[in-house]
Amino acid sequence: MTTPAPVRVLHSDADHAAALAEYEGYFDAEPAPGTEAADRFELLGLVIADYESRRWPITPADPVEVLHAVMQGRGYDQSDLAALLGSRSRASEVLNGRRPLSLAHIRAISEGWKVPAAALIGVGSAA
């Protein structure tokens, strides 16, 4: 039986494809924890995730864009936002990008509309 090549940092799409093919090979028979195969499986997952985050980074959405999408998706309008933020003019300023969301705004929207605060701060959560 031959010893597999060591797991290494991925530098190209070809490296990624080869690592992904090997990684997917473990899906039908995941190795037992604590074995060399389990360590290899875990290391492959880590180098694949690292390569993908460098190769195809996901930037956080703009908080105002998130707010517009939530409002459109749920049928809310500026008056609904004004009820959360305390005034129609404040809601208008936020929606038009003239005023950033404050921590108090983020809390009110997050609690009132059940929107993750991270989405309103502009911080990625997927990675």
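Note that the coordinates shown come from a computational prediction; the quantities given were computed from them, not determined experimentally. Below, each value reflects all heavy atoms present in this structure, side chains not excepted, and no hydrogens, waters or symmetry copies.
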- [ ] Could you walk me through whether V9 and Y51 pass the side chain to side chain contact (heavy atoms under 4.5 Å, CB included) test, one step at a time?
- [x] CA-CA 8 Å; V9 175; Y51 180 78; over 6 Å; no
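Applying the side-chain hydrogen bond (donor to acceptor under 3.5 Å, both in side chains) rule to T35 yields no partners; only residues at least two apart in sequence or on another chain are considered. Residues that satisfy the salt bridge (Lys or Arg N to Asp or Glu O under 4.0 Å) test with D62, not counting sequence neighbours, are absent from this structure. Residues meeting the side-chain contact (heavy atoms from CB on, under 4.5 Å) test with Q78, sequence neighbours left out: R88, A91, S92, L95. Residues satisfying the side-chain hydrogen bond (donor to acceptor under 3.5 Å, both in side chains) criterion with D77, sequence neighbours excluded, are S79. Residues satisfying the salt bridge (Lys or Arg N to Asp or Glu O under 4.0 Å) test with E65, not counting sequence neighbours, are none. Looking at residues two or more places apart in sequence or on another chain, you find no salt bridge (Lys or Arg N to Asp or Glu O under 4.0 Å) involving R90. Residues satisfying the side-chain hydrogen bond (donor to acceptor under 3.5 Å, both in side chains) test with R74, not counting sequence neighbours, are none. Not counting sequence neighbours, H68 has no partner by the ring-ring contact (aromatic ring centres under 6.0 Å, His included) test. Here V94 pairs with L67, L85, R99, L101, H105 under the side-chain contact (heavy atoms from CB on, under 4.5 Å) rule; sequence neighbours left out. Under the salt bridge (Lys or Arg N to Asp or Glu O under 4.0 Å) criterion, D15 pairs with R8, not counting sequence neighbours.
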Show me the donor-acceptor pairs within less than 3.5 Å that the side chains of residues 18-33 make with the rest of the protein, sequence neighbours left out.
unit_1 : atom_1 : unit_2 : atom_2 : d
E22    : OE1    : R40    : NH2    : 3.3
E22    : OE2    : R40    : NE     : 2.5
E22    : OE2    : R40    : NH2    : 3.2

Residues 107-122, side-chain donor-acceptor partners within the protein, below 3.5 Å, at least two apart:
unit_1 : atom_1 : unit_2 : atom_2 : d
S110   : OG     : V115   : O      : 2.8
K114   : NZ     : E111   : O      : 2.9

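Residues G75 and D80 approach most closely at O-OD2, 4.2 Å, considering heavy atoms. The shortest non-hydrogen separation linking I48 to L10 is CA-CD1, 4.0 Å.
Following chains of ILVMFWY side-chain contacts shorter than 4.5 Å, one cannot reach V64 starting from I106, and the two form parts of different hydrophobic clusters.
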